[in-house]
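In what follows, chains are A, B, ... by sequence order, proteins preceding strands, each numbered from 1.
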Number of protein chains: 2
Amino acid sequence: MKHLDDRALAHVADYFRALSEPLRLKILNELRRGPRNVNQLTQMLACSQANVSKHLGVLSRFGLVARDAQGTAAYYRIADPAVYELCDLVCGRMANHLKSQADALHAFGTAPARPARSLSARPR
Amino acid sequence: MKHLDDRALAHVADYFRALSEPLRLKILNELRRGPRNVNQLTQMLACSQANVSKHLGVLSRFGLVARDAQGTAAYYRIADPAVYELCDLVCGRMANHLKSQADALHAFGTAPARPARSLSARPR
DNA sequence: TTGCTATATCGCTTAATAGTAATATAGTAT
DNA sequence: ATACTATATTACTATTAAGCGATATAGCAA
C-alpha cells in the first residue's frame with residue numbers, strides 16, 4: 001500500500017509504544033507463564049503496586065492484555081498472540097546482534113562497554 | 001528463560017520505542033520501496049528536514065536503518081529485515097482488530113467514534 | 001457497621017522527546 | 001577563495017510519561 005491511513009499508523013505506533021518500556025516487557029514476560037494478579041506481579045517485579053497497575057492499564061488499553069476480575073483480585077493475561085511473536089522476533093534479532101558483536105569483540109580482544117542509551121543523548 | 005537481563009531488556013524496549021512514532025513508521029514504509037536520501041524523504045513526508053534527520057538518527061542509532069553517504073547526500077536503507085516482519089505483524093493484528101470491530105459495528109448499526117488515544121489520558 | 005485486603009486513580013516531580021528555527025558542517029562547483 | 005546544496009546539530013518550547021506517595025474504590029470478613 002502506498003498511502004497509510006494516519007489513524008491506523010497512530011495505532012501501530014501506540015502498539016509499539018506499549019512495548020517500549022522495560023517494566024511492561026517484564027510484565028508480559030511474566031504473563032507468558034500464565035495469568036497473574038496485580039499482587040503477584042508486584043512482588044515478582046519488585047516495584048510499587050501503583051506502578052504495576054498503571055502499566056497494566058496501558059497494556060490493557062491497547063489490547064495486549066486482558067483483565068479478569070476475581071473477587072477483589074484482578075487477573076491479567078496476554079490477550080494478543082502477536083505479543084509472543086513480536087517479542088521473540090526482537091529478542092532473536094538482539095541475540096544475533098549480540099552474537100556478532102561478541103564475535104567481533106572476540107576477534108578484537110577487547111571487553112565490551114555498552115552504557116544504556118537514551119533516545120536523545122547521542123554518545124560519541 | 002526465567003530471568004531477563006536488564007540490559008538486554010532495555011535494548012528491546014529501545015527497539016520498540018524506535019518504532020513508536022508515526023513519522024518514523026512513515027519513513028520506514030518509504031524505505032521499504034528502496035533507499036532514499038534525506039531530501040526525498042523530507043518532500044514525501046511533508047515535514048521539516050531537521051525533523052527527518054533527527055528521526056533518521058534515532059532509527060540509525062538503534063540499527064533499524066543504515067546510512068550510505070553519497071557526495072553531500074545521505075541515502076538511508078532498511079538495515080534490519082526484522083523491521084518488515086514486525087510491521088507486517090502489527091499491521092495484520094490491526095487489520096484483524098479493525099475487521100472484528102467493523103463487524104461488531106455492522107451488527108450494532110452504529111458509526112464508530114475513535115478519538116486519538118494517548119498513553120496517559122484514559123477515556124471513559 | 002468496622003476492619004482488612006486488593007486494585008485503581010490522583011497529584012506531583014522529574015526526565016525524555018517531538019517539533020521548530022537557526023546554525024554548523026561538509027561536499028561540490030565556479 | 002566564494003557560493004550553493006545537502007545534511008546534521010544546537011537551543012529552545014510544549015507535551016508526554018514514569019515513578020512515587022497518598023487516596024479512593026470495591027469486595028470480603030467479623
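Non-hydrogen atoms lying under 4.0 Å from DNA chain D are contributed by B/Asn37, B/Val38, B/Asn39, all within residues 35-42 of chain B.
Contact between A/Gly63 and A/Asp80 at its shortest, heavy atoms only, is O-CB, 3.7 Å. Residues B/Ala74 and B/Tyr76 come closest through the heavy atom pair O-CD1, 3.7 Å. Nearest approach of B/Ala18 to B/Leu64, heavy atoms of both residues: CB-CD1, 4.2 Å. Between B/Cys47 and B/Val52, the shortest heavy-atom contact is SG-CG2, 3.5 Å.
Using a 4.0 Å heavy-atom distance criterion, B/Tyr75 is classed as making no nucleic acid contact.
Between A/Ile27 atom CD1 and D/dA18 atom C1' the separation is 12 Å, expressed in whole Å. When rounded to the nearest whole Å, the span between CG of B/Asp14 and P of D/dA18 equals 13 Å. Atom NZ of B/Lys26 and atom P of C/dA18 are 15 Å apart (whole Å). When the C1' atom of C/dA8 is taken as reference, atom OH of A/Tyr76 falls 8 Å away, rounded to whole Å. Computed from coordinates, the B/Gln43 CD to D/dT7 C1' distance equals 14 Å when rounded to whole Å. Between the C1' atom of D/dG19 and the CG atom of A/Leu56 lies a distance of 15 Å, rounded to the nearest Å. Whole-Å rounding puts the A/Phe16 CZ to C/dA18 C1' distance at 19 Å. The distance between atom CG of B/Leu45 and atom C1' of C/dA18, rounded to the nearest whole Å, is 15 Å.
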* To do: Mark up nucleotides 19-30 of chain C, 5' to 3', with B wherever a protein heavy atom is under 4.0 angstrom from a base atom, S wherever such an atom reaches only the sugar-phosphate, and - elsewhere.
  => BBBB----BS--
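Taking only side-chain atoms of B/Ser53, from C-beta outward, the nucleotide of C/dT17, D/dT9, D/dA18 with the closest atom is D/dT9. Distance from the side chain of A/Arg67 is smallest to C/dT7 among C/dT7, D/dA17, D/dT7.
Not a single donor-acceptor pair under 3.5 Å links the side chain of B/Arg36 to the backbone N or O of B/Ile27. Under the 3.5 Å distance criterion, the side-chain polar atoms of B/Arg67 are left unmatched by any main-chain donor or acceptor of B/Gly57. One N or O on the side chain of B/Arg17 and one on the backbone of A/Ser20 form a donor-acceptor pair closer than 3.5 Å. Looking only at distances, no side-chain donor or acceptor of A/Gln43 sits under 3.5 Å from a matching main-chain atom of A/Gln40.
Using a cutoff of 4.0 Å between basic side-chain nitrogens and carboxylate oxygens, A/Lys26 and A/Glu21 are not scored as salt-bridged.
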